Amino acid sequence: MEKRYVAIWFPYLATDWFERQHPALKNNAFVLSAPSHGRMMITAANSDAQKLLIREGMVLADARAICPTLQYFDDKPDLTGQLLQRIAEWCIRFTPIVAIDPPGGLILDASGCSHLWGSEEEYVLDIIKRLATRGYFAKAAMADTIGAAWAITRFGKERVVEKDNHLETLLALPPEALRLDENTIARLHKLGLNQIKHLVTIPAASLRRRFGPLLLQRINQIVGREHEFIEPIIPPEPYQVRLPCIEPIARVAGIEIALRTLLEQLCERMQKEGKGLRTACFKGHRLDGKIADIQISTSRASCNVNHLFHLFEMKLPAFEPDLGIELFLLEVTRVEDYTPAQEQFWKESAALNDQPIAELIDRLTGKINPDAIQRYLPDEHHLPERSFKKATSLSEQPTTQWPTNKPRPILLLERPEKIEVTAPIPDYPPLNFRYKGQLHKVVKADGPERIEQEWWLAEGEHRDYYTIEDEQGCRYWLFRAGHYNEEKKPHWFLHGFFA
Amino acid sequence: MAANQDTFARLQQDILLLQGFKPATTQITNWHGLEQLKSAFPNGVFPTGAVHEFFCTGPETVSTSAGFVSGILSSLLKQQGATIWISPGKMIFPPALKHFGMDPEKVIFIHLKNEKEKLFVMEEALKCDSVSAVVGQINEISLTESRRFQLAVEHSKVTGFLIRQNPRNIMTSCVTRWQIAPLPGDDTAGLPGVGFPKWDVQLLKVRNGKPGRWEMQWQSGRFQVTPKYSFEIKVPIRKIV
C-alpha cells in the first residue's frame, strides 16, 4: 500500500500550554525561562514575544531590555516531552501509528486513514482545527515520506502534497528542511547551496566526501529512496506466544503438546489478522539456564497448524530438553500477508502454487538442501546450457515460449565429454567415434547446427552440433569446437543423449 | 464351463481390488496411439496410482526411458498440476521435455546424489495428492521400500515412475516393469537426417496383465506403434495348487 505520512509541528507548544492554564496571558508577550550557567535563559517564547524578535536561547535580561513589559515564568523541566506524549496519545483518534518527533513535533502514519475524513485535505484540516480548539497552534502537512512531510510542515506552505508529486515542492526548500545539524547547514549556506535543488544535481560521491553520509541519507529519505522507520508510541504487538510450565518438561510427548498449544494460539491470531508465517523459532528455556531452539521456514505464508507442527516435528530431535524446560516460547520472525485459498467443490486441475505442493516443498526443505529443489523457465539463449534458467518462485510463469524448432537431447551432460572421432573435413559428420573406450559407427547423421558463443557473456569457440545415430540406434549429440585449423585440430565433444 | 468363466472373472476382479487396483472411474478413451497396449493391462486401463519401474543399462537407455515416461505423462496422464522429477545430477534437459509434449515449467526438479534422501523425497512426493506424477531416477530400492511406495500411492492415487540403471535388486512390488531400448530409425526415404525416435518397448512384468513387446516411435506429438513387430511375450501359466 502507498504510504502517507503527516508531520505535525507545534511552534509554541510550551507557551500554548501556559496560555491554557492562565487565560489572562492571551495576547501578551511572555517567555519561559530556566537557569543555565548562572544566568536565566529563555527556553520558550510565545508568538507575541517572537514578534518582538525575542527567541529562545536568549538571556532573559537581554529580552527584558528589548521589551520592559515582558512577562516571564519559570519553565518546568521536560514540559514539552510530557505534552508531546499526551498529545500523541490523543492523536490515536486519527491513526493507530503515532510517533513523537522531538523537538516539538509528531509523525503520523496516515496510510489508509484519510478516506474516513472524506479527503486528505479534510483530514489535515481536522487535525489542525481540533488542536486549535484545545489551544495549541499547530502546522501539519501530508506527504509520501516522513522527510518530505517534516520539511513541508516547517518550510513549505502546502498542507497536502499529492502522491508521487513531492519532488517539485521539495526542490525549492532550503537545506534546513533536510534535518541536518547546524554546522552542516552553515557550511551549505556558505557554499551558496541555498536550496535542495542545488544539492541534488551534485554527484553523490562528492557530497559524501564533503559532508559525510548523513546528508546523502537525508536526501534519500526525503525523496523516498531509503526507508525510514518511526517508533510508534503504542508498539505493534509481536507475534509471540509463551507457555510457562508448573513442572519442568523433559519428555517428547510434553514438548509436542506445548508446541501444538502454542501453534494453535498463534495461528488463530494470525488468521484473524490475515497474516501468515514465513519463518518461526520455537524456544525452550531450560532448567540449567540455557535455551534450546529450533527454526522452520515455509515457502509461502501459512497458518495451517498441522503443517507447521509437522515442520517443527521433523526438527524436534535437535531440541534437547536436558533436565527439563520451564518456559516455551514461539516467535514468528517473518510474517507475510496471507490470502486464504478458496474452498472448491471438486478439484479440477491442481495448479503449481497449490497449498499442498508448497507444503510438500516445505517438508522436503526441512530434510534436504533447499538448493536441490529447482524449477526451470526458458531463457532466450541459443547455447543449450544457457537456454533455461532457474525460477525464483513456484508461481513464476515463463515469459517466452520453450523453443521446439530444433532437436534437443533429453539428457544433457553438465560438462561435455571429449571423444575421439574420424571425420572428413571440412564440415562433414564423423564416420565413427570412440566414447568411454567403445567404438560407435555412425549410420545416420544430421547437421551441422552452428551455435556461436555469446561473446558478451563468455569467451570461447563456436560449436558445430551433429545429431548422430549409431548402428544400435542410439542417438547422440556431438559437437566440434571451432574450425579446422592448420596449427591445431579442433576437439570433438559428446554433449547429450537423445531419447 | 461358462459359469466357471464368470466365477473366474469375478474372482479376478476381487483380487485386483485387494491388490489396490480400484475399478477405473474414468475410462481412458483416448489412448494417443497406444491402443495396442490396452490388452496388456489389468481391466484394460493403464495403471495410474501405481509405481512403474524402468530398467536401463546406460545413459542411452536412461534417455529413451525418460523420453517414453515424458510421452506417457503428457498423453495418458495429461500432466495436470506439478510433476516431481528426482534426478541424481542436472542431466535432464528441460527444453527437450517440450518435444515430448510436457510443460517443462510444471516440473519441479530435485537434484539429489544421496540414495537415502532420494527415497525419502520420492515417498513424501508420492504421498502428496496434488502432485500428478513423480519420476525418480533411483537405482537401488529394496522390496520394503517399494512396498512403502505402493502403500503411499494406493492412498494418494499419484503415479510413480522409477528409472533404474543397472539395478542389483529386482525383487520389488512395482506394478509394471519396462525396458525401453533404442532402435535404428526408419528409413527417411532418401532425406538427410535421423528421423523420429524409435524404441523397442518391452513390458517385462505387469501384475495381472499380459507382458508384451512393441516397436513404437514418437511422431508429431503422439506414440505410433509399428504393428508388424509387436507381439505378446508368452508367460507360462502357473498351476495353482
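Please read these numbers as outputs of a predicted model, since none were measured by experiment.
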Practice item. For chain A, find which of L97(B), V121(B), D200(B) contributes the most heavy-atom pairs closer than 4.5 angstrom. Key: V121(B)

**Study point:** I84(B) portion near chain A, given a 4.5 angstrom heavy-atom threshold
**Key:** side chain

Practice item. Report yes if the side chains of H99(B) and F93(B) come closer than 4.5 Å at any heavy-atom pair, otherwise no. Key: no

Check your understanding: Quick one: what part of A391(A) sits under 4.5 Å from any heavy atom of chain B, side chain, backbone, both or neither?
Key -> neither

Review point. P429(A) versus chain B, heavy atoms under 4.5 Å apart: side chain, backbone, both or neither?
Key: neither

Review point. Do any of residues 459-470 of chain A come closer than 4.5 Å to chain B, heavy atom to heavy atom, and if so which ones, in number order?
Key: T467(A), E469(A)

Review point. When only pairs under 4.5 Å are counted, which of I373(A), L413(A), L412(A) shares the most heavy-atom pairs with chain B?
Key: L412(A)

Check your understanding: Which heavy atom of R375(A) sits nearest a heavy atom of V107(B), and at what distance?
Key -> CG-O, 3.4 Å

Revision key, fill the gap. The interface call for F100(B) against chain A, heavy-atom contacts under 4.5 Å, is side chain

Review point. Where on F388(A) is there a heavy atom nearer than 4.5 Å to chain B: the side chain, the backbone, both, or neither?
Key: side chain

Exercise for review: Examine whether an atom of E359(A) lies under 4.5 Å from a heavy atom of chain B, and if so say whether it belongs to the side chain, the backbone or both; otherwise answer neither.
Suggested key: neither

Exercise for review: Give, as side chain, backbone, both or neither, the part of L377(A) having an atom under 4.5 angstrom from any heavy atom of chain B.
Suggested key: side chain

Point to revise | Salt-bridge present (R260(A), E256(A); N to O < 4.0 Å) | key: no

Point to revise | Part of I92(B) lying under 4.5 Å from any heavy atom of chain A | key: both

Check your understanding: Parallel, tilted or perpendicular for F493(A) and H491(A), by the 30°/60° rule?
Key -> perpendicular

Review point. Under 4.5 Å, heavy atom to heavy atom, which residues of residues 448-456 of chain A contact chain B?
Key: none

Practice item. Report yes or no: do W85(B) and T83(B) form a side-chain donor-acceptor pair below 3.5 Å? Key: no

Point to revise | L360(A) portion near chain B, given a 4.5 angstrom heavy-atom threshold | key: side chain

Exercise for review: Kindly say whether the aromatic ring centers of F497(A) and W477(A) come within a distance under 6.0 Å.
Suggested key: no

Check your understanding: Taking the six-membered ring for Trp, are the ring centroids of F68(B) and W178(B) within less than 6.0 Å of each other?
Key -> yes

Practice item. Indicate the atoms forming the closest heavy-atom contact of N139(B) with P167(B), along with that distance. Key: O-CB, 3.8 Å

Review point. Is any NZ, NE, NH1 or NH2 atom of the basic residue among K441(A) and E471(A) found under 4.0 Å from an Asp or Glu carboxylate oxygen of the other?
Key: no

Point to revise | No-hydrogen, no-angle side-chain donor-acceptor test under 3.5 Å, T422(A) and N432(A) | key: yes

Revision key, fill the gap. Interface check, chain A: of G67(B), A181(B), G89(B), P95(B), most non-hydrogen pairs under 4.5 Å belong to P95(B)

Exercise for review: Sort S65(B) into side chain, backbone, both or neither according to what part of it lies under 4.5 angstrom from a heavy atom of chain A.
Suggested key: neither

Check your understanding: What are the two closest heavy atoms between F120(B) and R363(A), and how far apart are they?
Key -> CZ-O, 4.5 Å

Exercise for review: Could you tell me whether K118(B) and E115(B) have a side-chain N and a carboxylate O separated by less than 4.0 Å?
Suggested key: yes

Practice item. Could you tell me which portion of P378(A) (side chain, backbone, both or neither) has an atom closer than 4.5 angstrom to a non-hydrogen atom of chain B? Key: neither

Review point. Taking 4.0 angstrom as the limit, do E215(B) and K198(B) come out as a salt bridge?
Key: yes

Study note, to complete from the structure: On a heavy-atom basis, the closest approach of S220(B) and F196(B) is N-CE2, 4.5 Å

Check your understanding: Between the side chain of E396(A) and the main-chain N/O of T392(A), is any donor-acceptor distance below 3.5 Å?
Key -> yes

**Study point:** Contact class of Q472(A) relative to chain B, heavy atoms under 4.5 angstrom
**Key:** backbone

Check your understanding: Which pair of heavy atoms, one from K116(B) and one from N114(B), lies closest together, and at what distance?
Key -> N-OD1, 3.0 Å

Check your understanding: Are any side-chain N or O atoms of R164(B) and backbone N or O atoms of F54(B), one a donor and one an acceptor, separated by less than 3.5 Å?
Key -> no

